[in-house]
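Step one of this worksheet: look at the structure below.
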Amino acid sequence: MEQYRMAATPEGAITYRLVKKRVKNLNLRLERSGEVVLTVPLRCPAEQADAFIVEKCRWIAGHLSQRREAPPLPPEPDRKTCAKLLGEAVLRVYPLVAGGGVPMPQIKLRKMKSQWGNCHYRQGYITLNTALARCPECLRDYVALHELVHFLHPDHGPGFCAAMDARMPDWRERRKELKRYAQALV
């Protein structure tokens, strides 16, 4: 069951799509279009859903404003140019992990909808999203290093963060900036 509702919040009225289905928890998401969607258990009262939206209104407003401030993107280059740009990013940051015994990985390119890259450290390769080629060089370098550091620390725990801090002290700012380019992930 779906319906549109409006919740009055301190940040202003928020219109959202309420979806009732067989789930255990309340799940809030923002669609790429900017639509706010709240999925709730079948027996959840609409008032509880409204209260949840009010509770999360600052988070919603913050994320919606980030999307409005998204920078203009150049068109996605052809595959050969993507391979060149992303390969250069890996080559620029590889020396930062080479001393830790990380072998130069194979680089694969793929269009992905929800992530900029991933690491398959056991198989010795990383996959980078072709949309990353539309982003500034400093952000391509951040993603490339992020994936290479997974060869040292496969998770995102304290060891991973410390390794990133040591190699790219401003990585958190770059990660935040990269979120502004989320519209490229389509």
Side-chain angles (χ1 to χ4, degrees), residues 11-12 14-17 28-37 56-98 100 102-121 123-156 160-161 163-186:
E11 303 289 321
I14 295 178
T15 301
Y16 69 99
R17 181 166 39 116
L28 177 63
R29 72 178 188 278
L30 295 179
E31 298 288 344
R32 292 193 196 287
S33 64
E35 181 182 30
V36 179
V37 180
K56 301 294 183 185
C57 69
R58 284 204 170 91
W59 180 88
I60 294 168
H63 280 75
L64 288 176
S65 69
Q66 278 182 357
R67 289 185 182 187
R68 283 187 208 103
E69 297 168 10
L73 287 171
E76 188 170 322
D78 60 51
R79 191 143 183 97
K80 183 178 178 183
T81 306
C82 277
K84 178 182 180 293
L85 292 170
L86 300 179
E88 288 171 351
V90 173
L91 290 174
R92 277 192 300 273
V93 298
Y94 177 72
L96 300 173
V97 296
V102 176
M104 176 57 90
Q106 178 185 2
I107 302 164
K108 296 186 179 187
L109 304 179
R110 203 176 95 205
K111 283 188 182 219
M112 296 185 264
K113 292 183 178 183
S114 62
Q115 60 188 131
W116 293 105
N118 56 48
C119 176
H120 301 271
Y121 62 94
Q123 291 83 17
Y125 72 92
I126 61 173
T127 304
L128 298 174
N129 191 333
T130 56
L132 193 55
R134 300 173 72 188
C135 298
E137 182 178 290
C138 66
L139 302 181
R140 294 193 298 266
D141 289 356
Y142 157 69
V143 174
L145 181 62
H146 178 113
E147 300 311 331
L148 291 172
V149 168
H150 279 309
F151 282 91
L152 301 170
H153 300 279
D155 57 21
H156 290 110
F160 174 86
C161 293
M164 286 295 292
D165 286 337
R167 290 162 175 85
M168 186 179 279
D170 68 339
W171 70 274
R172 287 179 178 86
E173 289 81 26
R174 293 184 196 209
R175 179 180 60 186
K176 188 174 181 181
E177 178 68 14
L178 186 61
K179 289 180 182 179
R180 295 180 59 225
Y181 288 83
Q183 81 267 24
L185 293 172
V186 276

[X] [atom1] to [Y] [atom2] distance, which is reported to the nearest 0.5 Å:
X: E35; Y: R29; atom1: CD; atom2: CZ; result: 8.0 Å
X: L145; Y: M164; atom1: CG; atom2: CE; result: 4.5 Å
X: H120; Y: Q106; atom1: NE2; atom2: CD; result: 10.5 Å
X: R175; Y: E173; atom1: CZ; atom2: CD; result: 9.5 Å
X: L139; Y: Y181; atom1: CG; atom2: OH; result: 6.0 Å
X: R92; Y: D141; atom1: CZ; atom2: CG; result: 4.0 Å

Note to self: For I107, give me all partners under side chain to side chain contact (heavy atoms under 4.5 Å, CB included), at least two apart in sequence or on another chain.
What the structure shows: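 Per chain and number, I107 pairs via side chain to side chain contact (heavy atoms under 4.5 Å, CB included) with V90, L109, I126, L128.
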Any heavy-atom pair between the side chains of [Y] and [X] that's under 4.5 Å?
X: K111; Y: E76; answer: yes
X: L85; Y: E88; answer: yes
X: W116; Y: L178; answer: yes
X: Y16; Y: I60; answer: no
X: Y142; Y: M168; answer: yes
X: L96; Y: L148; answer: no
X: T127; Y: E147; answer: no

Considering all heavy atoms of both residues, which atom of [X] and which atom of [Y] are nearest to each other, and what is their separation?
X: F151; Y: P105; result: CZ-CB, 3.7 Å
X: C82; Y: P77; result: SG-O, 3.6 Å
X: N129; Y: Q115; result: ND2-O, 2.9 Å
X: V36; Y: L30; result: CG2-CD2, 3.5 Å
X: V97; Y: R167; result: CG1-NE, 3.8 Å
X: H153; Y: A163; result: CD2-CB, 3.8 Å

Notebook entry, point to check: Who are the ring-ring contact (aromatic ring centres under 6.0 Å, His included) partners of F160, not counting sequence neighbours?
Noted result: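 F160 satisfies ring-ring contact (aromatic ring centres under 6.0 Å, His included) with H146, H150, H156 once adjacent residues are dropped.
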Margin query: For the CZ atom on R172, are there more than 12 heavy atoms of other groups (residues, nucleotides or ligands in this structure) within a distance under 6.0 Å?
Written below: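 Atom CZ in R172 is packed in, count exceeds 12.
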Notebook entry, point to check: Among all residues two or more places apart in sequence or in another chain, which pass the side chain to side chain donor-acceptor pair (under 3.5 Å) test with E177?
Noted result: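 In terms of side chain to side chain donor-acceptor pair (under 3.5 Å), with neighbours along the sequence ignored, E177 is linked to R180.
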Item checked: Side chain Y125, main chain K108, donor-acceptor under 3.5 Å ->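 The answer is no, because no donor-acceptor pair under 3.5 Å joins these two groups.
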